[in-house]
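Everything quoted here is computed from the prediction, not taken from an experiment.
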Amino acid sequence: MTKQIIIPFGPQHPVLPEPIHLDLVLEDEMVVEAIPSIGYIHRGFEKLVEKREFTEYVYVAERTCGICSFIHGLTYCQGIEEIMQVEVPERALFLRTIWSEYSRLHSHLLWLGLFADSFGFENLFMNAWRIRERILDVMEQTTGGRVIQGSCKIGGVRRDISGEKLGQMSKDLDSIGQELEELTNVFLRDASIKHRLKNVGVLSRDDAYSLGAVGPTARGSGVSLDMRKTGYAAYGKLNLETVAENDGDCYARCVVRCRELFTSIDLIQQAVRKIPDGPIDVKVTGAPDGEYFTRSEQPRGELVHYLKGNGTKFLVRSRIRTPTLTNIPPLVKMLQGCELADVPVIVLSIDPCISCTER
Amino acid sequence: MAFFEMAKTALRTVLSRPATIRYPAEPAKKTLLTRGHVTIDESRCISCGTCQRKCPAQAILLNKEEKTWQMDRLRCVVCNSCVDTCPVKCLFMDTQYTAPTVTRGVEIVTITYVKPVKAADKGETQG
């Protein structure tokens, strides 16, 4: 038997935007086992729910993640609204959907950039982030924040977007779409990228399902799971096509995210066409008494917020299960049997968001 | 299999203007809604303390006796909660980010608001 050695990977590694540690057990150049450990950036957000009023916790919930912040805020608000039986105006639901999809565009572009960086394609990384900047600009123009939007509140949204601005956004997306086409063509067709990603980190459909993969990681393996299909916010009123690939390798996960960019653009344009006029929020009185599990689709997969109130202004329990947490067991499976040099690419292919995971 | 897929984009970006701003020679991008920092109109603040209660970061401290409004800029997360909930609208969101600092400390503003004397009280004092 070949001698086994253990190589520590992370928490500080050039490819990782956030700290996760993996102990890689190697036999020669092949990884036979990966032992993950997290806990470097735990911030105690779930405990903080007992110290902040439920209306102010929206801002805290949003800061759980620095990339998909809007969707965290939305999911939290959704949960409280369900407990308190608040009917949210339709215009607010559409606005939430529009901002969610913008978050997805920005997150996927960020990931495509980092992914390109992980296999050494710096030019592609810069170009992905150049396009992402246009998305962030729209975020700032409509909400006031580039990354932390802070536009969701219990009972609706805090800001309206004028019809004129919506039209302009929709038009801008056409030109962004053209730029994306050029960008994704490189990802999908370039020979060196294909060579680097094809048949690397293969996750079979059964493994993806039984190990609890979510989001693009599951969809890349042919498990067509998308929480947007449950029709929360205004997704029920829009025509959404789930993107899924069957290969289960890093390339398939990249394809899923590339194609989802166009789905998001389509969803925003549909929402802009269908958005009704009317109020953007309702007044919420009282305090939540009860508990609720609420789910939504983050760029990385299914997000679950569990909220429990006891009729006071302070909630008694909040539990956040983020997609990266459930994507770690599939990641360990993918790493088994891969080459050491492929580890950075495979780790990035699940789009790890560790700050979210540790809350 | 395709080669030189990136060539067109690369050539165009080499020949076009830079996508980044030459900050600080050129000012940073700002919009009308940009959340920069919170400012107070001390002549209108009624010392109700709503901003302090509604601050998720506990950056604001209002002292009713000394009539001061304290703001810890390093704690403030610029969420706009205080501005939204202020009953007399004496808090504003400025679009300019605060300048970098090397020292910790709070900004103390003395509230100069004086409660207008009611007509009935006026009568009493005059009488």
Side-chain angles (χ1 to χ4, degrees), chain A residues 45 48-49 51-63 73 116 121-124 126-134 136-146 148-151 153 158-159 161 165 179 181-195 198 281 313, chain B residues 1-23 26-39 49-60 75-87 91-98:
Chain A
F45 276 11
L48 197 61
V49 81
K51 301 281 179 203
R52 297 286 183 276
E53 288 179 23
F54 72 96
T55 43
E56 271 70 71
Y57 192 76
V58 186
Y59 306 111
V60 180
E62 263 196 332
R63 281 160 177 80
F121 208 149
E122 295 290 332
N123 196 349
L124 197 54
M126 291 291 178
N127 271 294
W129 281 37
R130 181 172 55 88
I131 303 173
R132 172 175 170 260
E133 199 58 32
R134 292 183 66 180
L136 291 180
D137 282 348
V138 175
M139 288 279 214
E140 188 169 356
Q141 284 156 12
T142 53
T143 67
R146 275 161 55 86
I148 307 282
Q149 282 77 34
S151 53
K153 71 169 185 184
R158 288 162 86 199
R159 294 192 188 285
I161 309 180
K165 178 74 195 162
E179 283 192 36
E181 195 114 8
E182 205 177 298
L183 179 87
T184 50
N185 270 346
V186 183
F187 275 103
L188 304 183
R189 301 223 294 253
D190 193 88
S192 61
I193 295 181
K194 272 192 177 173
H195 183 67
K198 277 264 183 195
D281 60 345
K313 282 189 289 187
Chain B
M1 282 285 178
F3 294 93
F4 296 109
E5 274 293 326
M6 192 68 189
K8 199 176 125 200
T9 320
L11 271 177
R12 207 183 49 241
T13 45
V14 162
L15 298 172
S16 60
R17 284 177 54 232
T20 45
I21 297 173
R22 292 166 62 85
Y23 182 83
E26 256 180 77
K29 274 187 285 186
K30 258 196 299 191
T31 68
L32 289 173
L33 294 178
T34 301
R35 299 196 299 271
H37 72 280
V38 179
T39 55
T50 310
C51 50
Q52 183 186 333
R53 282 197 305 279
K54 296 283 178 189
C55 179
Q58 299 182 332
I60 301 173
R75 280 197 81 103
C76 176
V77 293
V78 209
C79 64
N80 218 33
S81 174
C82 52
V83 181
D84 281 353
T85 50
C86 181
L91 290 169
F92 306 96
M93 185 56 76
D94 196 298
T95 54
Q96 186 71 41
Y97 296 122
T98 42

Do you know which of [options] has the most heavy-atom pairs under 4.5 Å to chain B?
options	value
A:E133, A:E179, A:R159	A:R159
A:Q141, A:Q149, A:K51, A:E140	A:E140
A:R130, A:K153, A:E182	A:E182

Pick one of side chain, backbone, both or neither for [X], based on which atoms fall under 4.5 Å of a heavy atom in chain B.
X	value
A:L124	both
A:N123	both
A:T55	side chain

- request: Identify which part of B:T13 has an atom lying under 4.5 Å from any heavy atom of chain A, answering side chain, backbone, both or neither.
  value: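 Only the side chain of B:T13 comes within 4.5 Å of chain A.
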message: Is it true that, when you exclude A:K313 itself, more than 12 heavy atoms of the residues, nucleotides or ligands shown sit nearer than 6.0 Å to its NZ?
response: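 No, because the 6.0 Å sphere around NZ of A:K313 holds 12 heavy atoms or fewer from other groups.
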query: With a cut-off of 6.0 Å (strictly less than), are more than 12 heavy atoms of other residues, nucleotides or ligands near NZ of A:K165?
result: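 Count over threshold, so yes.
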- request: For a side chain to side chain contact (heavy atoms under 4.5 Å, CB included) with A:I161, tell me which candidate from A:T143, A:T142, A:V138 qualifies.
  value: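 Single side chain to side chain contact (heavy atoms under 4.5 Å, CB included) partner of A:I161 among A:T143, A:T142, A:V138: A:T142.
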If you look at every heavy atom in [X] and [Y], which pair is closest and at what distance?
X	Y	result
A:V186	A:F121	CG1-CE1, 4.2 Å
B:K30	B:T95	CD-O, 3.2 Å
B:C55	B:I60	SG-N, 4.3 Å

